[in-house]
Chemist: 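Input: one structure, supplied below.
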Amino acid sequence: MSQLEEADRPGRLHAEHHMTGGVRVVTLRGEIDHDVRHVLSEALLIEDGAAPPRIVADLSGVTFMDSSGINVFVTAHQQVSRADGWVRIAGAQESVLRVLQLVGVDTLIPCHPTTEQALIT
């Protein structure tokens with residue numbers, strides 16, 4: 001399991017990821033904003049800059065997300081789609097889910113209530 005973190009203030013984004021059945025599961029905690037978009041990008045992309053073909057992003061621990069996070073998710077979706085892969089979002093809190101719905105990301109990237117559901121759908 002790998003960890004990425006921006007820990008100079010409370011609420012900063014913390015990301016962990018691991019592989020489950022060929023799917024990269026990224027668990028995020030904290031706030032996603034302009035200052036930490038690089039942490040999210042690093043968590044969703046593999047080291048050589050190529051995206052893994054299948055990603056589930058667990059947002060159950062994310063309390064805030066602005067357009068910076070939206071942009072990273074859309075970019076990840078575009079990259080994995082070119083490789084016949086997908087991105088799924090799991091467990092988004094109501095405030096984060098509302099942002100995803102307002103900008104239409106939920107029509108591009110499927111949103112599921114739990115990581116388990118995102119993995120089997």
Side-chain angles (χ1 to χ4, degrees):
M1 180 177 300
S2 299
Q3 294 184 21
L4 301 167
E5 192 168 9
E6 185 78 22
D8 60 342
R9 74 171 197 211
R12 281 302 227 207
L13 186 63
H14 174 81
E16 295 180 4
H17 55 86
H18 65 277
M19 297 298 288
T20 299
V23 178
R24 185 182 187 104
V25 178
V26 179
T27 304
L28 301 156
R29 291 190 316 269
E31 299 176 352
I32 300 173
D33 60 20
H34 178 76
D35 293 337
V36 297
R37 70 185 181 284
H38 65 282
V39 175
L40 180 60
S41 293
E42 289 175 23
L44 295 179
L45 303 174
I46 57 176
E47 291 74 31
D48 65 3
R54 298 182 294 162
I55 303 168
V56 171
D58 177 356
L59 302 185
S60 61
V62 173
T63 57
F64 172 83
M65 182 166 60
D66 68 7
S67 61
S68 300
I70 298 294
N71 291 335
V72 172
F73 274 106
V74 170
T75 299
H77 167 75
Q78 291 170 338
Q79 288 178 339
V80 298
S81 293
R82 286 192 293 267
D84 294 323
W86 46 257
V87 176
R88 297 178 184 157
I89 293 172
Q93 294 183 24
E94 188 62 35
S95 60
V96 173
L97 184 59
R98 183 75 179 130
V99 169
L100 294 167
Q101 293 169 335
L102 282 171
V103 298
V105 170
D106 64 323
T107 63
L108 184 66
I109 301 171
C111 296
H112 300 274
T114 67
T115 299
E116 293 75 21
Q117 288 172 322
L119 286 167
I120 62 172
T121 300

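Everything numeric here is computed off the predicted structure, so don't read it as measured data.
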Chemist: Mind running side chain to side chain contact (heavy atoms under 4.5 Å, CB included) on Leu100 and Cys111 for me, showing each step along the way?
Modeler: CA-CA 9 Å; Leu100 294 167; Cys111 296; 4.1 Å; yes

Chemist: May I ask you to test the Glu42-Leu40 pair for a side-chain heavy-atom distance under 4.5 Å?
Modeler: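 When only atoms from C-beta onward are counted, Leu40 and Glu42 do not touch, as no gap falls below 4.5 Å.
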
Chemist: Mind checking who shares a hydrophobic cluster with Leu102, ILVMFWY linked at side-chain heavy-atom distances under 4.5 Å?
Modeler: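 Result for Leu102 is none, singleton.
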
Chemist: When rounded to the nearest 0.5 angstrom, what distance separates CZ in Arg37 from CD1 in Ile70?
Modeler: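 Taking CZ in Arg37 and CD1 in Ile70, the distance rounds to 14.5 Å.
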
Chemist: What side chain to side chain donor-acceptor pair (under 3.5 Å) pairs are there with at least one residue in residues 95-110, not counting sequence neighbours?
Modeler: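 Side chain to side chain donor-acceptor pair (under 3.5 Å) check on residues 95-110 returns no pairs.
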
Chemist: Roughly how far, to the nearest 0.5 Å, is the NE2 atom of His38 from the OG atom of Ser41?
Modeler: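 That separation rounds to 9.0 Å.
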
Chemist: Considering all heavy atoms of both residues, which atom of Met65 and which atom of Val96 are nearest to each other, and what is their separation?
Modeler: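 Between these two residues, the closest heavy atoms are CE-CG1, 3.7 Å.
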
Chemist: Within this structure, what is the OG1-NE2 distance for the pair Thr27 and His18, rounded to the nearest 0.5 Å?
Modeler: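 Answer for the OG1-NE2 pair, Thr27 versus His18, is 6.0 Å.
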
Chemist: So, His14 versus Glu16: side-chain donor-acceptor pair below 3.5 Å or not?
Modeler: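 There is such a pair (donor and acceptor under 3.5 Å, judged by atom type) between the side chains of His14 and Glu16.
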
Chemist: Apply side chain to side chain contact (heavy atoms under 4.5 Å, CB included) to Gln93 and list each qualifying residue two or more places apart in sequence or on a separate chain.
Modeler: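 Gln93 satisfies side chain to side chain contact (heavy atoms under 4.5 Å, CB included) with Thr63 once adjacent residues are dropped.
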
Chemist: Quick check: is Leu59 connected to Val103 through a chain of hydrophobic side chains (ILVMFWY, heavy atoms under 4.5 Å apart)?
Modeler: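 Yes; tracing contacts between hydrophobic side chains, which count when under 4.5 Å, links both residues.
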
Chemist: Just how far is it from atom OG of Ser67 to atom CG of Asp33, taken to the nearest 0.5 Å?
Modeler: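 Here the interatomic distance stands at 10.0 Å.
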
Chemist: Please lay out, stage by stage, how Asp35 and Arg12 fare under the test side chain to side chain contact (heavy atoms under 4.5 Å, CB included).
Modeler: CA-CA 9 Å; Asp35 293 337; Arg12 281 302 227 207; 3.5 Å; yes

Chemist: Between Ile109 and Phe73, which heavy-atom pair has the shortest distance, and what is it?
Modeler: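 That would be CD1-O, 3.6 Å.
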
Chemist: Does Val80 belong to the same Ile/Leu/Val/Met/Phe/Trp/Tyr cluster as Met19, with side-chain heavy atoms less than 4.5 Å apart forming each link?
Modeler: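 Val80 and Met19: separate clusters.
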
Chemist: Kindly compute the distance separating CZ (Arg54) from CG (Asp84), expressed to the nearest 0.5 Å.
Modeler: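 Going from CZ on Arg54 over to CG on Asp84, the span is 12.0 Å.
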
Chemist: Hey, does the side chain of Arg88 reach the backbone of Ala118 with a donor-acceptor pair shorter than 3.5 angstrom?
Modeler: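 Between the backbone of Ala118 and the side chain of Arg88 there is a qualifying donor-acceptor contact (under 3.5 Å).
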
Chemist: Is Leu28 reachable from Phe64 through a run of hydrophobic residues whose side-chain heavy atoms are each under 4.5 Å from the next?
Modeler: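 Looking at the clustering, Leu28 is in a separate group from Phe64.
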
Chemist: Just jot down the side chain to side chain contact (heavy atoms under 4.5 Å, CB included) partners of Asn71, sequence neighbours excluded, or say none.
Modeler: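 With sequence neighbours excluded, Asn71 shows a side chain to side chain contact (heavy atoms under 4.5 Å, CB included) to no residue whatsoever.
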
Chemist: With sequence neighbours excluded, give me every side chain to side chain donor-acceptor pair (under 3.5 Å) pair touching residues 112-121.
Modeler: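 Only Asp58-Thr115, Thr114-Gln117 qualify under side chain to side chain donor-acceptor pair (under 3.5 Å).
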
Chemist: Among Ile, Leu, Val, Met, Phe, Trp and Tyr joined by side-chain contacts under 4.5 Å, find the other residues sharing a cluster with Val25 and list them by chain and number.
Modeler: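 Under the 4.5 Å side-chain rule, Val25 groups with Val23, Val56, Trp86, Leu119.
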
